[in-house]
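Residue numbering restarts at 1 for every chain, and letters A, B, ... go by the order of the sequence lines.
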2 protein chains.
Amino acid sequence: MLYAGVMSAFPPPFTEPQQQLLVAPELLQLGKAEDEPCLRADAARNRARLLEAAARLVAEHGAAGVTMEAVAAAAKVGKGTVFRRFGDRTGLLTALLDHSEKKFQAAFLSGPPPLGPGAPPVERLRAFGRAMLRRSVDELDLQLAAEPSADRRFSVPARRVQLSHVALLLRQAAPDGDGELLSQTLMGYLNPVLIHHLTRQCGMPLERLEAGWDDLVDRVAGVQPSR
Amino acid sequence: MLYAGVMSAFPPPFTEPQQQLLVAPELLQLGKAEDEPCLRADAARNRARLLEAAARLVAEHGAAGVTMEAVAAAAKVGKGTVFRRFGDRTGLLTALLDHSEKKFQAAFLSGPPPLGPGAPPVERLRAFGRAMLRRSVDELDLQLAAEPSADRRFSVPARRVQLSHVALLLRQAAPDGDGELLSQTLMGYLNPVLIHHLTRQCGMPLERLEAGWDDLVDRVAGVQPSR
DNA sequence: TTACGATCCGGACCGAGGTCCGTTTAATGT
DNA sequence: ACATTAAACGGACCTCGGTCCGGATCGTAA
């Protein structure tokens, strides 16, 4: 019993399901995502205050200034409340990005082409990458801070949605080849940490990353355009 | 002066340069890697004891059991000493992997083909990936624990060596295309965290990852074999 | 309105990474 | 041998993420 208390957090752990999804969870093999557990009044109020406080702290001191204690204090709430609601720091930051994420999901799942349905798969892949790149460049601070710990990085709902979307398109664009592995590879190119490194530390302009994405999609899908 | 003491660690910060390299640093645009700062006798002794203690802890309790305090205690040394020598936890774990890393570098930089020089680039790329995959599967625990924080992940010397190696081969195999971006993409496939997810969490056999790598190399390099 | 159980709250508490600084010690020159 | 000094040492200390649990509060049903 070395690691006794390590797994079960609070008695009734009712932390929210990380991120709302716009697709049926069954399609993605996610555990049931009990949507909107319908919080108690005080809990809902505190949740709102916490998100607002966190957003303010991000605006004022950057994502690095978002300390769990600071958020709790700014929201005039106990520290335990923050953890009960959001599970951990990553959960809080993720919740902060949730709005933008849902809009993005709506765009590529059911928005107008070429991002949404209606365009040929390769076109949609190109649009998807460009959208991801631009979104990452905008919210880079938060996205980096919200980077989950290594053992959860591939289980984050938002990521799974994006991944399966890419896999779907890719299986159409390149029916041969291991769709699961290739989609992981493509998603790797869009990893915020990599984007940050290339743009901020290596000074690459966004256009180069976009061109690189288009080229990568072509190569992976087996298209033979300009080269 | 909010973040006053956050950047400069100890007065004369003489933490070792992360990882010895077998190639001249100039070739990789690394800051001078003052090889072997020639530690004082006591420092060298303590360094050895710390590494030994850390290795023992890994063997006994897994990488998760490697606490800085535990290592210090096991080596009969003050905690500050650990940090002065290795900078941080990641540095210590990295030092633990250094031996294996140097052997690996020697193998792909100057060993026998197809991993070393002498085989055609695509061959060498395939061999490189397979070697990385197998190595990661072996030392997965440590590699995961040694995962650097997001802001340093792409500056780790070992990674830069591997990256520039892949870039070199790739520029020969696919002279068109953005070698820098494509090599980052390939390296992404070999990320230990991804390997761990695919093998341990998704249950994929190593052979599938190897086949996926070969296929990916073919696609990226523009080869048209079986498909 | 009251009573009751489920849920939530708060903040003391813990562990681990990382830092500081007064003290000790190894190398070097005399 | 001895003085000198740059480097190394140790462990108290700080911060921050995360946990626990006794007590307050909400929703509900009588």
Under 4.0 Å between a side-chain N or O of [X] and OP1 or OP2 of [N]?
X	N	value
A:Arg84	D:dC20	no
B:Asn46	D:dA8	no
A:Thr81	C:dG10	yes

Item to check | Partners meeting side chain to side chain donor-acceptor pair (under 3.5 Å) with A:Arg130 (sequence neighbours left out) | outcome: A:Asp214
Find every protein N or O atom lying less than 3.5 Å from an N or O atom of nucleotides 26-29 of chain D, and list the pairs.
unit_1: D:dC26; atom_1: O4'; unit_2: A:Arg40; atom_2: NE; d: 3.4
unit_1: D:dC26; atom_1: O4'; unit_2: A:Arg40; atom_2: NH2; d: 3.3
unit_1: D:dG27; atom_1: OP1; unit_2: A:Ala41; atom_2: N; d: 3.2

Between [N] atom [atom2] and [X] atom [atom1], what is the distance in whole Å?
X	N	atom1	atom2	answer
A:Phe86	D:dT19	CZ	C1'	18 Å
B:Phe83	D:dG11	CZ	P	15 Å
A:Lys76	C:dG11	NZ	P	13 Å
B:Leu57	C:dA16	CG	P	12 Å

Checklist entry - Which side chain to side chain donor-acceptor pair (under 3.5 Å) pairs, counting each pair once, include a residue from residues 185-197 of chain B, with sequence neighbours left out? => result B:His197-B:Gln201
Item to check | Contacts of A:Asp151 that satisfy salt bridge (Lys or Arg N to Asp or Glu O under 4.0 Å) - sequence neighbours left out | outcome: none
Item to check | Within-4.5 Å side-chain heavy-atom neighbours: A:Trp213 and A:Leu186 | outcome: yes
Identify each donor-acceptor pair in which a side-chain atom of residues 66-80 of chain A lies under 3.5 Å from a protein atom, sequence neighbours left out, and give them as a table.
none

Kindly give the atom pairs (protein nitrogen or oxygen, nucleotide nitrogen or oxygen) under 3.5 Å for nucleotides 12-16 of chain D.
none

Checklist entry - Atom CD in B:Glu52, atom CZ in B:Arg49: separation rounded to 0.5 Å? => result 8.5 Å
Next on the checklist: Can you confirm whether more than 12 heavy atoms, excluding those of A:Glu180, are under 6.0 Å from its CD atom?
Outcome noted: no
Item to check | Note: A:Glu139-A:Arg134 ion pair, threshold 4.0 Å (strictly below) | outcome: no
